[in-house]
Amino acid sequence: MQAVTLVNGSHNLGLDALDRGLAYGDGVFETIALRQGQVQLWQGHCQRLTKGLLRLGLVPDAASAAALVSTLIADVKAAYPVFEAVDGVLKITLTRGVGGRGYAAPQVSQCTRIVTLAPWPSGREGLSTAGVNSRLCCHPWSVNAALAGLKHLNRLDQVMARNEWQDPDIHEGFMLDPEANIISGVMSNVFIEQQGCLLVPALDQCGIAGVMAQEVRHIAEQAGINVKVGQINIAALLNADAVFMTNSLNGIWPVVNLRPSTCQTKTHSWPISDLTVTLQQSLAVRLSQQPLVSQLC
Ligand SMILES: Cc1ncc(COP(=O)(O)O)c(C=O)c1O
């Protein structure tokens, strides 16, 4: 099965070398799971995309953002029949489009839309039940309240952190802020369990406000589980009763150990808790009731 990509709705993939997404990372993106023809957590992805478009000023107002999302939906509906599979990864990238030399944005910009449907990644099937191995990354998050939470195209902190290891047996890395508080995984959000409650890091200075994390949090709160936002230092991480990470493709990944790295000397292990398994089960039910591509609006 081949990936299908549409640029501005066309199979002609000519991207302008002066696109500001390429030149400055001037844009936003979403990575979305397509399972059994259902687009998972579409509303959450649209909300974050819209927030990013408005925060970066890629569109002037909410009505323009909604119009752009409608065009994107048409792109997804056009790409899906060509893809010929019901499982895959839907990636949407929106940039400010073509600009001249220099940082100043054009007075009027025409966003570039890139929609890709790619095969579902293999090799991750058992990790939700067996749990994942992790390590601590040395490269910290850059702090910037104005960009915190967004899924913008500048992901160099994640690239630097991910390049710290090659061992395929390490599935994720914890990333810290400059004060050594846990913020996230390289590609996930972090939850720690303490005495039946969940604690998540504050993401107001750095980090990505994950769509899956938002869903898991909602499920936990509906089940009466207290979810607190606060600082998580390394000691709190190590003392947690259980730890899990979330993202749109992996759902809930229990973290079963922290392996030694340059920043951490000993291996530390966590169990997979009953709470983690219960949340996984509730999430599976929610994720089986998502809109089909044809129902997106
Ligand atoms: C740094 C980081 N945090 C969190 C997430 C999880 O976001 P989502 O749940 O929207 O996939 C990602 C996903 O790629 C990420 O790269």
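Values below: all heavy atoms of this structure, side chains included; hydrogens, waters and symmetry mates excluded. One-based numbering, in listed order, for ligands and for the atoms of each.
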- Item | Steps toward side chain to side chain donor-acceptor pair (under 3.5 Å) verdict (Thr5, Thr116) | CA-CA 4 Å; Thr5 301; Thr116 300; 3.2 Å; yes

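Heavy atoms of Phe29 found under 4.0 angstrom from ligand 1: none, in either backbone or side chain.
Looking from atom 7 (O) of ligand 1 to the surrounding protein, the closest heavy atom is Gly210 CA, 3.5 Å. The nearest protein atom to atom 1 (C) of ligand 1, hydrogens excluded, is given as Val186 O, 3.3 Å; this is a heavy-atom distance. Closest to atom 3 (N) of ligand 1 among all protein heavy atoms lies Ser188 O, 3.4 Å. Closest to atom 9 (O) of ligand 1, if we only count protein heavy atoms, is Met212 N, 3.0 Å. Here the protein heavy atom with the shortest distance to atom 5 (C) of ligand 1 is Met187 O, 3.6 Å.
Comment: Glu30 does not engage Lys151 in a salt bridge, judged by the lack of any side-chain N to carboxylate O separation of less than 4.0 angstrom. Salt bridge annotation for Arg259-Asp169: present, with a cationic side-chain nitrogen under 4.0 angstrom from a carboxylate oxygen.
For atom 4 (C) of ligand 1, the nearest non-hydrogen atom from the set Asn250, Asn189, Ile32, Val216 belongs to Asn189.
Inspection of the Asp157 and Ser142 side chains reveals an N or O donor paired with an N or O acceptor under 3.5 Å. Side-chain contact of Ser184 with Trp141: a donor-acceptor pair under 3.5 Å is present, judged by distance alone.
Remark: distances from the non-hydrogen atoms of Arg48 to ligand 1 include one below 4.0 Å.
When side chains are defined from C-beta on, His45 counts as touching Ile32, because their heavy atoms get closer than 4.5 Å. Looking at heavy atoms from C-beta onward, Cys111 lies in side-chain contact with Leu68 at the 4.5 angstrom threshold.
At least one N or O atom of Lys151, backbone or side chain, sits closer than 3.5 Å to an N or O atom of ligand 1. Between Ser248 and ligand 1, an N or O atom pair is found at a separation short of 3.5 Å.
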